[in-house]
Amino acid sequence: MEKRCFTGNFTQQEPLPEAAQAAALRVMQSGRLHRYNTGPGELSETALLEREFAAYTGAQYALAVASGGYALATALRAVGVQPGEPVLTNAFTLAPVPGAIASLGAIPVFVEVTEDLVIDLDDLAAKAGAARVLLLSHMRGHIADMDRLMALCAANGITLIEDCAHTMGARWNGVPSGRHGAIGAYSTQTYKHLNSGEGGLLVTDDADLMARMVMLSGSYMLYDRHLAAPPPEAFDTVKFETPNISGRMDNLRAAVLRPQLFDLDRQCARWNARYHAVEAALEAVPGLSLAARPEAEAYVMSSFQFMLLDWPAAAVAELVARCGARGVELKWFGAPEPAGFTSRHESWRYAPRQDLPRSDRVLAGLLDLRLPLTFSLDDCRLIGAIIREEVGAVFRGLPTAR
Ligand SMILES: Cc1ncc(COP(=O)(O)O)c(C=O)c1O
């Protein structure tokens, strides 16, 4: 029988909603793209987006910036990370996370990942004395036990910054992702849950931290034009002490984000429906494991991960090739060379080499695929079936399976 193939495109997002297209047109017609270029009485799209994002997350303050990576570096600067200072972060994440730490001349200290694809809290406890800041990446939408993590941070005087590039719209025990730490940072780059091509958002309840981040982002002395920033008094000293490291968002991006934010919860449910369709096909497949999802975690999964733990590298490579031949593009975190968006800690050679045996084992068998909303539920069922069939075929050939 002819094998079924998938023909969809794993990097094709949906068109932006019509309201976003119309809003973009209005900004372009106005010519006022810079966030501080407002007419008399006019509120800029960027300031409105900040006010709406603060309300969405329940944060006191919000700031829109040029990218998610810029948001991370700005948060690290705001909490006063210094050159040469160690900063804890996940061993399983993507390059902008250790990159943000390195951009300050600080030193990433990697914490192991568990088989549930979250930061290993035992390893975090062991390393907690080594740093005063944790840049926690909720990588691929997997959220660690935030109650235990917060208790650990409190006990060790650690300031938490959350990288929510993959958890916008998600919650832990009802608390929006990004609202546990001192600062939450998000990305609105095309492959994330809101799409403005490039972009980032920051939230906090701390007036001093937000005043610093507003100044860092390049507000000159125009901070009173913000709608989700602290009052002018918060800037009295900060405005003299804080360097301008320009990375503002512009009104065109903000204009296309506002209608998407309005629709975010509905989109999150659509992503999860696709995730569940793939998951249903991959439950109880011999040789394949999935991360456990705790009750407290209200996730948003715009991608899917599965593990082939302890498989020989050649067998994983064969699986990737066989799925690829049937149109299912898998990214392998155990590949010997960094490729596309995927790399792992040994590839980040600006950071000192660290011994991470548990992460190496998980990453060696970790496969990852995107689930854009352009895929139908039938597409996702087909993708799941193809992976199940090919995992079965390769696994049956392994000596350990006999
Ligand atoms: C885990 C993670 N954190 C942060 C970022 C940074 O986002 P941006 O691409 O907007 O700089 C990304 C982007 O891919 C990411 O995957």
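We count ligands from 1, going down the list as the structure has it; atoms in each ligand are counted the same way. Keep in mind it's a predicted model, so treat the numbers as computed, not measured.
The closest protein non-hydrogen atom to atom 11 (O) of ligand 1 is G69 N, 2.7 Å. The nearest protein atom to atom 1 (C) of ligand 1, hydrogens excluded, is given as D163 OD2, 3.3 Å; this is a heavy-atom distance.
Remark: aromatic rings of F110 and F92 are distant, center separation not under 6.0 Å. Taking the six-membered ring for Trp and the full ring otherwise, the centers of Y36 and H226 sit less than 6.0 Å from each other.
For ligand 1, the atoms lying closer than 4.0 Å to a non-hydrogen atom of L94 are 16 (O). Distances below 4.0 Å separate heavy atoms of S187 from the following atoms of ligand 1: 7 (O), 8 (P), 10 (O).
Cation-pi geometry between R370 and F304 is not satisfied (NZ or CZ under 6.0 Å from the ring centre, within 45° of the ring normal). The side-chain tip of R293 points at the ring of Y299 from less than 6.0 angstrom away and within 45° of straight on.
For the pair P96 and ligand 1, the shortest N or O to N or O distance does not fall below 3.5 Å. Between H166 and ligand 1, an N or O atom pair is found at a separation short of 3.5 Å. Polar contact check, R140 against ligand 1: no nitrogen or oxygen pair lies under 3.5 Å apart. In terms of N/O distances under 3.5 Å, ligand 1 is approached by K192. Checked against a 3.5 angstrom limit, the closest N/O atoms of E198 and ligand 1 fall outside it. Considering both main-chain and side-chain atoms, Q189 comes within under 3.5 Å of ligand 1 through a nitrogen or oxygen pair.
When heavy-atom distances to ligand 1 are checked against a 4.0 Å cut-off, V97 comes that close only through its side chain, counted from C-beta outward.
Looking only at distances, a side-chain donor or acceptor of S67 sits under 3.5 Å from a matching main-chain atom of Y70. Here the side chain of N156 pairs no donor or acceptor atom with the backbone of A128 at under 3.5 angstrom.
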Please walk me through it: do R35 and E50 pass salt bridge (Lys or Arg N to Asp or Glu O under 4.0 Å)?
-> CA-CA 11 Å; R35 68 166 298 162; E50 290 165 346; 2.7 Å; yes
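At least one heavy atom of S137 sits closer than 4.0 Å to an atom of ligand 1.
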